[in-house]
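See below for the structure under consideration.
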Amino acid sequence: NNVAVYYGQGYNQPRLKHFCEQTTSDIINIGFINEFPKHVGDFPGSNFANQCDGAFFPGTELLSGCHQIWQDIPSCKAAGKTILLSIGGGSATAQSIPDEATAVWFADFLWYSFGPYNPAISSLGWTEELAGLAFPRPFLTSSVDGFDFDIEYNGGVGYAAMINRLRWHFTKSPEQSYYISGAPQCPIPDAQLGDAIANSYFDFIWVQWYNTGGCSAADWVHGTGKFNFDDWVGVIEKSANPNAKLFIGLPASKDAANAGFYLTPKEVKPLVKTYMEKHPKHFGGVMLWEATAGDNNLIDGSTYTEHIKDILYD
Ligand SMILES: CNC(=O)NC(=N)Nc1ccccc1
């Protein structure tokens with residue numbers, strides 16, 4: 001079982017390698033690509049909070065100075081971490097995929113800009129003169145192991161087309177495994193990712209069981225509502241990848257989510273044990289929002305993230 005954490009939006013967060021030097025997390029979602037292309041040829045935008053140096057590729061909202069992320073990804077991979085780039089995030093509401101052509105363009109952009117570096121297609125020193133001729137490399141020669149979809153607005157058919165295009169790119173790169181993950185809210189069907197989950201192949205689904213009352217992890221602990229892990233197993237079994245792994249998403253500290261959703265490790269343990277044992281085939285582990293909050297949430301001398309790792313391994 002794995003611990004997946006989001007990184008990139010933490011308050012005063014340390015550089016990425018701080019988390020790669022810890023054994024606690026296995027999958028790190030770097031967020032976010034928070035502005036989406038409005039048409040073919042348009043660049044997406046990114047935000048990684050205090051990381052990067054505030055410079056953008058000319059004429060775009062795509063950060064160009066993320067030196068620490070570039071430097072740290074190789075050591076993260078060497079430490080056995082899976083590094084995914086997360087698309088969306090809870091900020092900009094201007095996230096939507098207007099049509100199929102833009103979905104394909106967006107997938108190509110992500111692959112050539114953040115996937116395996118191909119100097120024939122992408123330029124480390126991208127400038128505006130190269131627009132339309134080469135892709136930029138925000139993390140330079142470093143590449144990610146796949147893409148996470150944290151779509152909180154305007155979902156729709158575009159995401160399935162994007163993910164199927166990314167899968168096509170993955171098949172052309174047998175040198176390593178690449179992954180697709182998603183972070184739906186707990187109500188079923190998820191308005192944003194329901195179509196994509198049904199029509200394109202996800203490897204991991206980490207449900208945000210901490211943003212919506214009535215189906216949350218806190219509901220299970222407090223005997224309210226209906227925590228719906230079982231129903232999500234049903235969604236996955238009817239989806240394009242019936243073997244996708246289902247993770248329990250949790251807030252890593254009290255202030256990492258709206259009031260009432262945070263659970264202590266003592267409260268989490270019976271929940272995780274129950275569903276790990278009830279669904280051994282689908283249970284993938286725990287996802288935490290987010291890395292820095294978990295790191296700063298010290299309980300009995302261990303971080304929250306360490307407590308979660310211990311619960312999964314005990
Ligand atoms: C996977 N994405 C998230 O978990 N986003 C998220 N937790 N946004 C947020 C919502 C409410 C308060 C703080 C952060």
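These numbers were taken from a predicted model, which means no experiment stands behind them. Residue numbers start at 1 and run along the sequence shown. Each ligand, and each atom within it, is numbered from 1 in the order the structure gives.
Test Asp203, Thr82, Asp148 against Ser181 for side-chain hydrogen bond (donor to acceptor under 3.5 Å, both in side chains) and you get one pass: Asp148.
Atom 9 (C) of ligand 1 has its closest protein heavy atom at Trp289 NE1, 4.5 Å. Of all protein heavy atoms, the one closest to atom 10 (C) of ligand 1 is Asn211 OD1, 3.9 Å. Closest to atom 4 (O) of ligand 1, if we only count protein heavy atoms, is Tyr210 OH, 2.5 Å. From the protein, the heavy atom lying nearest to atom 13 (C) of ligand 1 is Ala256 O, 3.8 Å.
The ring of Phe43 has its center closer than 6.0 angstrom to the ring center of Trp126.
A donor-acceptor pair shorter than 3.5 Å cannot be found between the side chains of His18 and Asp72. Of the N and O atoms on the side chains of Gln95 and Asn34, not one donor lies less than 3.5 Å from an acceptor on the other residue. A side-chain donor from one of Gln208 and Asp150 sits under 3.5 Å from a side-chain acceptor of the other.
Ligand 1 has no N or O atom lying under 3.5 Å from any N or O atom of Asn258, backbone or side chain. Residue Asp150 has at least one nitrogen or oxygen atom sitting less than 3.5 Å from a nitrogen or oxygen atom of ligand 1, judged on distance alone.
Proximity of Trp206 to ligand 1, defined as any heavy-atom pair under 4.0 Å, is not found for any part of the residue. With a 4.0 Å heavy-atom cut-off, ligand 1 is reached by no atom of Glu290.
Ring geometry, Phe247 versus Trp206: the interplanar angle exceeds 60°, so the pair is classed perpendicular (tilted spans 30 to 60°).
Interface atoms of ligand 1 facing Gln208, defined by a heavy-atom separation under 4.0 Å, are 1 (C), 2 (N), 3 (C), 4 (O), 5 (N). Within the listing of ligand 1, atoms 2 (N), 5 (N) sit less than 4.0 angstrom from a heavy atom of Glu152.
Remark: Gln176 CD is packed, more than 12 non-hydrogen atoms of other residues, nucleotides or ligands lying under 6.0 Å away.
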